[in-house]
Amino acid sequence: MKQLFSNPFIESFAHRFENIYQSVGFLLPEAALLAGIVLLLLLAISTRKAYGLRLAFWAVAIMMASLFAQLFFLVGQLRSLPDEAPLYLMADTLCVFHPLQIQARIALNLGALLFGVVFLFELLGHYRKESVEWLFWALSALLGLDLLLLSAHFLTFYMSFELSSIATYFLLSVGRQRRQHEALMKYVLFGAFASALMLYGISWIYGLAGSIEFTQAAFWQHLQAAPSLWLYIAWALFAAGVFFKLSVVPFHFWAPDAYEGAPAMSLAFVSAIPKVAILAFMMLLNSRMAAFAALQTVWGQLLMAVALASLLLGNFIALRQHNLKRLLAYSTIAHMGTLLLPVVAAGYEGAEEVFLYYWAVYALTLFVAFALAAQQQIDQIADLRRFNHTTGAKLAWGVVAFSLAGLPPTAGFLAKLGVFVHFWKMAASHNLALLLWVTALLSTAVALAYYIKIPYALFFKQESEAGAPAGADAALLPAMMIALLLVLAILWGYPFA
Amino acid sequence: MQFFLGIGAILFCIGLGIVLTKRQAVMWLVGIELMLNAANINMVVFSKLYDPTNQLFALFVMVIAVAEACIILALLLMLYKQHKHTNIDQLNELKH
């Protein structure tokens with residue numbers, strides 16, 4: 001007892017409290033998000049009626065308010081950072097600031113805002129029953145990803161990783177149809193398995209490095225001194241969890257089933273939003289490793305092998321798909337392979353812009369695709385041929401296909417070009433990177449073969465049977481506008497230096 | 001120390017083996033829990049070596065493991081009500 005109240009103990013406690021108090025200022029964006037989550041929860045438990053128009057209206061209002069507040073604080077943080085590129089500003093040892101990380105958080109926020117707008121449209125038209133639940137889980141996932149980007153310690157990393165995973169499990173469970181359970185079961189079991197592998201990897205990294213604060217130089221120095229076999233095993237296990245979230249090759253099994261079974265809007269959220277956070281986190285990790293050549297080689301080789309495998313498998317299996325959602329799942333796997341290129345070459349100048357641009361184009365295109373598919377209730381590619389479509393929907397499908405394939409009149413072309421031009425800087429001096437570059441280029445050509453099925457079915461093979469489902473969906477108007485934007489983006493020219 | 005690391009490794013391998021060979025969803029849960037516990041043992045052992053405060057990690061992992069088990073069990077219950085079994089291999093309504 002005496003020891004407990006001794007001076008040093010109280011002093012250390014006071015010191016910690018002071019630290020926490022000072023750090024709170026840096027966490028204002030997360031505080032805004034958390035306030036939104038708590039308010040949504042209070043709203044849900046304080047109203048007697050589970051569903052209702054007024055409830056949904058308040059929920060969307062709360063979500064938008066907290067997202068705008070977060071955006072305001074994030075922009076403030078971005079402005080207060082000086083311009084020199086690789087800069088780390090520590091709020092505490094538990095979190096860390098870097099321009100890329102703040103940009104990625106803004107990207108997350110804007111992505112969620114897009115879904116908020118869709119819900120607003122939905123409210124103005126007709127309303128869906130699960131809105132409040134959906135918004136709550138979406139905000140929770142966003143908070144988890146936000147904290148994941150901030151983390152500088154494996155404990156905070158693991159906690160925020162799990163927060164976002166658990167929130168996405170629930171996000172995919174909204175709706176509760178028969179086929180959905182199977183998709184969800186596979187997703188959740190694989191997710192838990194991958195995170196268990198990752199945790200064991202983290203425990204070994206702790207053992208090898210003697211610390212779990214991965215922003216400290218001492219951590220990387222100790223890790224570099226470790227025996228290389230153990231290092232490979234530990235990093236590979238750690239990477240399992242990360243790769244699961246990205247749905248790249250050794251951990252891609254869940255993607256096609258989950259895509260087929262889950263509701264479209266949740267899927268658009270889950271397949272686009274978490275990826276920017278995870279990839280930006282990997283880029284930051286890569287740039288911290290930059291001073292330690294041996295470690296970077298291990299990590300770089302691992303990433304390149306995975307990117308290679310995802311590009312090949314994603315593109316070639318997609319050739320055989322007849323189901324539209326499965327096709328999109330495999331195309332996601334291939335796109336993640338391409339997105340790994342700027343992550344691998346993070347040390348070369350301009351990686352951040354290329355990466356964020358590519359991700360934004362990919363996410364928006366996917367959003368349009370899912371909005372269109374949900375609105376017309378299209379499952380198979382053959383459905384595209386069978387149903388009647390308005391000219392606007394046909395053109396939007398065309399934009400989706402062209403943008404995913406990376407063909408000229410769309411932003412997808414600029415994004416692909418940017419990635420290839422940027423990665424050439426690394427490929428010019430590195431054998432494995434050159435192989436990867438060539439594979440990526442060739443697999444883009446392969447990808448044309450299956451993306452072209454979509455416009456082909458729409459424009460040349462129309463059977464135009466009657467009985468087209470004509471349920472107006474709220475996501476349609478934003479989707480059309482985004483499709484237009486994807487085409488107009490080409491007017492700005494090549495956006496990279 | 002090596003003894004406990006060995007126990008951790010054995011637990012991990014058993015968990016991994018269960019996940020890779022068993023087709024019952026409940027057995028997957030068992031395997032995953034074993035793997036998480038293996039990581040916990042490692043964490044505690046290494047914390048004793050480097051920094052005792054990092055034992056906190058194990059506590060957090062336990063809480064998260066419970067949350068995950070809750071979700072998986074709830075899902076299993078729903079799945080069992082529909083299909084009257086929880087064999088992963090026989091869940092193939094979604095086409096491959």
Side-chain angles (χ1 to χ4, degrees), chain A residues 153-156 158-159 161-163 165-166 169-170 173 176-213 222 237 253 256-262 317 321-323 325-326 379-380, chain B residues 1 5 8-9 11-13 15-16 19-20 25 28-29 31-47 49-51 53-54 56-61 63-65 67-72 74-83 86 88 90-96:
Chain A
H153 188 287
F154 272 122
L155 179 54
T156 46
Y158 181 70
M159 294 291 292
F161 187 89
E162 284 298 313
L163 174 57
S165 321
I166 289 175
Y169 298 156
F170 282 107
S173 82
R176 301 201 179 77
Q177 289 157 352
R178 181 183 165 88
R179 282 149 63 80
Q180 203 174 337
H181 287 301
E182 182 189 337
L184 197 60
M185 193 71 216
K186 285 176 179 168
Y187 181 61
V188 172
L189 280 180
F190 271 120
F193 175 55
S195 86
L197 287 179
M198 184 183 78
L199 192 70
Y200 195 66
I202 288 175
S203 77
W204 273 108
I205 289 174
Y206 179 37
L208 295 174
S211 150
I212 32 181
E213 291 170 35
H222 285 137
L237 284 173
F253 300 107
D257 286 336
Y259 271 58
E260 200 182 335
I317 297 192
Q321 300 303 319
H322 301 293
N323 185 308
K325 281 182 166 178
R326 274 184 176 265
D379 259 349
Q380 310 291 324
Chain B
M1 184 185 124
L5 286 182
L11 270 182
F12 181 77
C13 290
L16 195 63
V19 170
L20 293 181
W28 270 61
L29 185 61
I32 288 164
E33 293 292 320
L34 279 179
M35 285 158 73
L36 288 174
N37 281 324
N40 272 350
I41 290 177
N42 268 11
M43 278 294 172
V44 172
V45 170
F46 289 132
S47 303
L49 193 66
Y50 301 119
D51 179 6
T53 50
N54 281 340
L56 267 179
F57 208 128
L59 277 177
F60 278 98
V61 172
V63 175
I64 289 177
E68 248 170 20
C70 281
I71 294 171
I72 294 178
L75 251 177
L76 271 178
L77 210 60
M78 304 245 271
L79 211 62
Y80 185 75
K81 276 183 192 163
Q82 284 184 349
H83 294 268
T86 57
I88 298 175
Q90 288 170 21
L91 288 177
N92 47 14
E93 274 181 33
L94 303 176
K95 195 175 57 194
H96 289 281

**Asked** How long is the span from the CD1 atom in B:Ile72 to the CE atom in A:Met185, to the nearest 0.5 Å?
**Response** 6.0 Å

**Request:** Starting at CZ of A:Phe193, measure out to CG of B:Leu20 and round the result to the nearest 0.5 Å.
**Result:** 5.0 Å

**Message:** Using side-chain heavy atoms (C-beta onward) and a distance below 4.5 Å, is B:Phe12 in contact with A:Leu237?
**Reply:** yes

**Prompt:** For the candidates B:Ala39, B:Gly8, B:Ser47, B:Ala25, which exhibits the highest count of non-hydrogen atom pairs separated by less than 4.5 Å from chain A?
**Reply:** B:Ala39

**Asked** Tell me, side chain or backbone of B:Leu34 under 4.5 Å from chain A's heavy atoms, or both, or neither?
**Response** neither

**Request:** Take B:Phe46 and A:Ile205 through the test side-chain contact (heavy atoms from CB on, under 4.5 Å) and record every step on the way to the result.
**Result:** CA-CA 10 Å; B:Phe46 289 132; A:Ile205 289 174; over 6 Å; no

**Request:** Answer with side chain, backbone, both or neither: which region of A:Leu163 has an atom nearer than 4.5 Å to a non-hydrogen atom of chain B?
**Result:** neither

**Message:** Taking side chain as everything from C-beta outward and backbone as N, CA, C, O, which of these in B:Ala9 sits under 4.5 Å from a heavy atom of chain A? Side chain, backbone, both or neither.
**Reply:** both

**Asked** Hey, what do you get for OG (A:Ser195) to CD1 (B:Ile64), rounding to the nearest 0.5 Å?
**Response** 8.0 Å

**Request:** State, to 0.1 Å, how close B:Leu79 and A:Glu182 come at their nearest heavy-atom pair, and which atoms those are.
**Result:** CD1-N, 4.1 Å

**Message:** For B:Ile71, which atoms come within 4.5 Å of any heavy atom of chain A: side chain, backbone, both, or neither?
**Reply:** side chain

**Fill in**
In this structure, NZ of B:Lys81 is separated from NE2 of A:His181 (nearest 0.5 Å) by 9.5 Å

**Message:** Under a 3.5 Å distance rule, please check whether B:Tyr50 uses its side chain to pair with a backbone N or O of A:Gly207 as donor and acceptor.
**Reply:** yes

**Message:** Between A:Phe190 and B:Trp28 (judged by ring centroids, cut-off 6.0 Å), do the two rings come close enough to count as a pair?
**Reply:** yes

**Request:** Run the numbers on B:Met43 and A:Tyr206 for side-chain contact (heavy atoms from CB on, under 4.5 Å), then give the verdict.
**Result:** CA-CA 8 Å; B:Met43 278 294 172; A:Tyr206 179 37; 3.8 Å; yes

**Asked** Angle class for the A:Tyr158/B:Phe57 ring planes (parallel below 30°, perpendicular above 60°, tilted otherwise)?
**Response** tilted

**Message:** Is there a side-chain contact (heavy atoms from CB on, under 4.5 Å) between B:Asn54 and A:Leu155? Walk through the geometry before answering.
**Reply:** CA-CA 9 Å; B:Asn54 281 340; A:Leu155 179 54; over 6 Å; no

**Asked** For A:Ile202, is it the side chain, the backbone, both or neither that has a heavy atom under 4.5 Å from a heavy atom of chain B?
**Response** both

**Asked** From B:Asn42 CG over to A:Trp204 CH2, what is the distance, rounded to the nearest 0.5 angstrom?
**Response** 5.5 Å

**Request:** Indicate yes or no: at least one non-hydrogen side-chain atom of B:Phe60 is less than 4.5 angstrom from one of A:Met159.
**Result:** yes

**Fill in**
On a heavy-atom basis, the closest approach of A:Ala192 and B:Glu68 is CB-OE1, 3.9 Å

**Message:** side-chain contact (heavy atoms from CB on, under 4.5 Å) for A:Leu184 and B:Met78? Distances and angles first, verdict last.
**Reply:** CA-CA 11 Å; A:Leu184 197 60; B:Met78 304 245 271; over 6 Å; no

**Message:** For B:Ala67 versus A:Ile166, what's the shortest heavy-atom pair and its separation?
**Reply:** CB-CD1, 4.2 Å

**Prompt:** B:Ile32 and A:Leu189: which non-hydrogen atoms are nearest, and at how many Å?
**Reply:** CD1-O, 3.9 Å

